[in-house]
Amino acid sequence: MVDTIGRQIIDAWAQPALKDGIVPEAIPLFQQSGSAHLLGQDLSAEQLVQFMDKAGIDRVMLCAWHRPSRWVISNDTVATFVQQFPERFVGVAAVNLEKPVQAVCELERAVKELGFKALRVVPWLWNRPPNDKFYFPLYVKCIELSILFCTQVGHTGPLMPSETGRPVPYLDEVALTFPELRIVAGHIGHPWTDEMIGVAWKHENVYIDTSAYQPRYYPPQLVHYLKTYGQDKVLFGTNFRQLSWQKCVQQVQEMDLPKEIQAKFLRNNACRAFQLD
């Protein structure tokens, strides 16, 4: 796969592999995905790049995590990875959603001082869907800073309620209220994949990323969307460390996508959505 594509792949959703950066609710998901052995490990920036090189991954959107009451992986921690390999890692900020003034200030710091390119909020972690009032100041700030908003859609693999991941009505309402906001909805949206495809088709600035799903298990309707009228709206993602970069890249090749569509899926759509050089 590396010989076929070269280093032309961008992963829209990954996180540092740190033994302290664990969300307990997600441990069963990692066990079922065969990656639980990584939960107790620290991987350095150099080690992550080695994994990326083996799979042909050029750049990774590296995500911070904040849950109610505390940081899991701070923006400053992610920034240390980015600073070591600025051509390989792109910072995606997290904030304390329930402290809106602090959250807006922290987002601005992450973008202006740390150089981050996006904000990510995982709704199930807060038990608040994306049309909740706590998100709205952040949406305005994302538009002001011209950065992307990343979120999660679909059921929750972690042991938490799934309702916050419904694309309709929650994400649809956000896109209607903030049409200028660029949104990447991660994790496909299953079992509401058709809803997610409908929202992405309806709204110019809404994208889907495939993180947390091995390509051989993508829903058929998503594959059809990717190959046809949604070829500019779907981004490759893994949710590393849950899923192996090498395995996901190999399975994309097995999909036999037309060369132009494969390039859009693996790189070009992410470059446009995240406004990467």
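Numbers here simply count residues along the sequence, with the first being 1.
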Check the angle between the aromatic planes of Tyr139 and Phe136 and answer parallel, tilted or perpendicular using the 30° and 60° thresholds. tilted
Flag for Lys54-Gln246: side-chain donor and acceptor within less than 3.5 Å: no
Got a sec, which residues hit side chain to side chain donor-acceptor pair (under 3.5 Å) with Glu46, two or more places apart in sequence or on another chain? Ser44
Sequence neighbours excluded - salt bridge (charged side-chain N to carboxylate O under 4.0 Å, His left out) pairs with any residue from residues 122-137: Glu98-Arg128, Arg128-Asp132
Does NZ or CZ of Arg70 come closer than 6.0 Å to the centre of the six-membered ring of Trp65, within 45° of the ring's axis? no
According to side chain to side chain donor-acceptor pair (under 3.5 Å), who are the partners of His187, at least two apart in sequence or on a separate chain? Ser211
Side chain to side chain contact (heavy atoms under 4.5 Å, CB included) against Asn127, all qualifying residues, sequence neighbours excluded: Thr164
Grouping ILVMFWY residues whenever side-chain heavy atoms fall under 4.5 Å, the cluster of Tyr170 otherwise contains none
Excluding Val90, membership of its hydrophobic cluster (Ile, Leu, Val, Met, Phe, Trp, Tyr; side-chain heavy atoms within less than 4.5 Å) reads Ile10, Met61, Val92, Leu148, Val184, Tyr207, Leu235, Phe274, Leu276
Tyr229 ring center near Tyr225 ring center (under 6.0 Å): yes
Other than Trp192, which residues form its hydrophobic cluster under the rule that side-chain heavy atoms must be closer than 4.5 Å? none
Suppose we screen for ring-ring contact (aromatic ring centres under 6.0 Å, His included). Which residues come up paired with Trp245, at least two apart in sequence or across chains? Phe240
Applying side chain to side chain contact (heavy atoms under 4.5 Å, CB included) to Ser74 and not counting sequence neighbours gives Trp71, Asp76, Thr77
Does the Gln251 side chain pair with the main chain of Cys248, one donor and one acceptor, at a distance under 3.5 Å? no
Not counting sequence neighbours, list each pair that qualifies as a salt bridge (charged side-chain N to carboxylate O under 4.0 Å, His left out) and has a residue in residues 143-166. Lys141-Glu144, Arg166-Glu195
Salt bridge (charged side-chain N to carboxylate O under 4.0 Å, His left out) pairs, two or more places apart, involving residues 173-194: none
For Arg216, give me all partners under side chain to side chain donor-acceptor pair (under 3.5 Å), at least two apart in sequence or on another chain. none
